[in-house]
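Computed from a predicted structure; not experimentally measured. Hydrogens, waters and symmetry mates are skipped; everything else that's a heavy atom, side chains included, is used.
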Amino acid sequence: MFLYTLLVLVTNCAARILSNASFRRHFHLLLSGLVLFGPALSLWVSQYSIFANRGQYLYRAFLQSGWGWTCVFCGSFVFLLSYCSRGSLSVTLRHLSRLAVAAAMWAGFRRGMAALENATGSCYEPLSADATLGLGSGGAPGDPDLPLLLLREGEDKASCQVAGLVWRGYEVSEDAFLLCLCALLIAEETAVFGPYLALGGSGGAPLRLLFLFCVALLGLWLFLLLCLLAHFPRFPTQLLGGALGCLGWRVLYQGWYRWPPGWLCPGRPGVGLFTAD
């Protein structure tokens, strides 16, 4: 009983914050400021921090499968909230289709960035330390500071890396794009929980737990984004990746989803759940 009471208090508080009009209006500005100024933290963070290692557990367990975690928790929350509100499978599937659209956007972004990197890149072989002694270099083979020898044009990234060589091309940060898009998506989809509770919706333990998991995941995405910007600053590529992530959110949630819901538009989160449409 005590644990459920605590769950109710925590989820009610989080729901009020996420559904607050001021928070919803300024959250994307907060995220934009984080992407823009976050790399400046690299001047103060320690290079010996556990988050300065890309093999650290949180990076491996969550960042590399960030879209999967978002779909599992946010998708489950949207499904349960929609079905509990209307009891209609068609309405529930319509609201879930927003995640399918975002998944298609993520897949398209990855394909587009891979094509861009292949089109703008070249295959290189790092010169060994012995070959650069005359230049005063004492680095080890594979050191990114060693000079690179251009081998040939016309290769693609996959065949170059299979051969154990180095591919250099124009990159846009997939991590920044994914974390920004997922954070904005979760903030939009969970914001309806406050109005749902205010209208007397059933806030059972399963739905409240899923909401709490979504809030925790939102906090984790912001934390990982801050860690990446501080410990692995790549200003132009991360800035562009974050900007494209925010642009994708604006096109979907601030543009397309504001149309009346129907076959061509899933509608905004919450539309048709509390009143018949």
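Closest approach of Ser173 to Gln238, counting heavy atoms only: CB-CA, 3.7 Å. When all heavy atoms are compared, the tightest approach of Phe211 to Thr11 is CE2-O, 3.5 Å. Scanning both residues, Cys246 and Ser32, for their nearest heavy atoms gives SG-OG, 4.1 Å. Residues Ser19 and Gly194 come closest through the heavy atom pair OG-CA, 3.9 Å. Closest non-hydrogen pair, Val78 versus Ser82, comes out as O-OG, 2.7 Å. Between Trp67 and Ala102, the closest heavy-atom pair is CH2-CB, 3.4 Å.
On the SG-SG cut-off of under 2.5 Å, Cys160 and Cys123 qualify.
You'll find the side chain of Leu244 stays beyond 4.5 Å of the side chain of Trp249, heavy atoms only. Residues Leu185 and Glu188 have side chains not in contact (no heavy-atom distance under 4.5 Å, counting atoms from C-beta outward). Contact of the Leu58 side chain with the Leu63 side chain is not registered, since no non-hydrogen atoms from C-beta on lie closer than 4.5 Å. Side-chain contact check for Arg86 versus Thr92: every heavy-atom pair is 4.5 Å or farther apart. Phe77 places a side-chain heavy atom less than 4.5 Å from the side chain of Leu81. No side-chain heavy atom of Leu3 sits less than 4.5 Å from a side-chain heavy atom of Leu7. Between Leu31 and Trp221 the shortest side-chain heavy-atom distance does not fall below 4.5 Å. Looking at heavy atoms from C-beta onward, Cys13 lies in side-chain contact with Ile17 at the 4.5 angstrom threshold.
With hydrogens and angles disregarded, a donor-acceptor distance shorter than 3.5 Å links the side chain of Trp167 to the backbone of Glu117. Put simply, the side chain of Ser42 gets close to the backbone of Pro39: a donor and an acceptor are under 3.5 Å apart. A donor-acceptor contact shorter than 3.5 Å links the side chain of His26 to the backbone of Ser22.
Note that CD of Glu189 and CG of Leu218 are 12.5 Å apart. Values are rounded to the nearest 0.5 Å. Annotation: the span from Asn53 atom CG to Phe232 atom CZ amounts to 6.5 Å, rounded to 0.5 Å. Note: Arg110 CZ to Leu178 CG = 8.5 Å, rounded to the nearest 0.5 Å. Taking CG of Leu229 as the reference point, atom CG of Leu41 lies at 8.0 Å (rounded to 0.5 Å). Atom CZ in Arg24 sits 10.5 Å away from atom OH in Tyr253 (nearest 0.5 Å). Between atom OG1 of residue Thr190 and atom CG of residue Leu212 there is a gap of 11.0 Å, rounded to the nearest 0.5 Å.
Each of Tyr124 and Val162 belongs to its own hydrophobic cluster when Ile, Leu, Val, Met, Phe, Trp and Tyr are linked at side-chain heavy-atom distances under 4.5 angstrom. The cluster map of Ile, Leu, Val, Met, Phe, Trp and Tyr, joined by side-chain heavy atoms under 4.5 Å apart, puts Leu29 and Leu184 in different clusters. Hydrophobic clustering keeps Tyr48 apart from Leu228 (ILVMFWY residues linked when any side-chain heavy atoms are closer than 4.5 Å, directly or through intermediates). Note: the hydrophobic cluster containing Phe37 also contains Phe51 (ILVMFWY, side chain heavy atoms under 4.5 Å, direct or indirect links). Under the 4.5 Å side-chain heavy-atom criterion for Ile, Leu, Val, Met, Phe, Trp and Tyr, Leu199 and Tyr83 are members of distinct hydrophobic clusters.
At a threshold of 4.0 Å, the pair Asp175-Arg234 does not count as salt-bridged, since none of the basic side-chain nitrogens sits closer than that to a carboxylate oxygen.
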Exercise for the section: Determine, step by step, whether Val172 and Phe109 satisfy the side chain to side chain contact (heavy atoms under 4.5 Å, CB included) criterion, reporting the C-alpha distance in whole Å, the side-chain angles of both residues, the deciding distance to 0.1 Å, and the verdict. Expected result: CA-CA 10 Å; Val172 177; Phe109 172 83; 3.9 Å; yes
Exercise for the section: Apply side chain to side chain contact (heavy atoms under 4.5 Å, CB included) to Leu36 and Phe235, showing your working. Expected result: CA-CA 8 Å; Leu36 185 61; Phe235 186 76; 4.2 Å; yes
Exercise for the section: Tell me, with the steps shown, if Tyr196 and Val192 meet side chain to side chain contact (heavy atoms under 4.5 Å, CB included). Expected result: CA-CA 6 Å; Tyr196 172 79; Val192 300; 5.8 Å; no
Practice task
Go through Leu210 and Phe193 one step at a time and tell me if the side chain to side chain contact (heavy atoms under 4.5 Å, CB included) criterion holds.
Solution key: CA-CA 11 Å; Leu210 283 173; Phe193 195 52; over 6 Å; no
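In the displayed structure, Tyr59 atom OH is contacted under 6.0 Å by more than 12 heavy atoms of other residues, nucleotides or ligands.
Using a 30° and 60° split on the angle between ring planes, Phe177 and Trp106 fall in the parallel class, below 30°.
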In a table with atom names and distances, give each donor-acceptor pair under 3.5 Å that connects a side chain of residues 257-273 to protein atoms at least two apart or in another chain.
residue: Arg258; atom: NE; partner: Gln254; partner atom: O; Å: 3.4
residue: Arg258; atom: NH2; partner: Gln254; partner atom: OE1; Å: 3.1

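Residues that satisfy the side-chain hydrogen bond (donor to acceptor under 3.5 Å, both in side chains) test with Trp69, not counting sequence neighbours, are Ser65.
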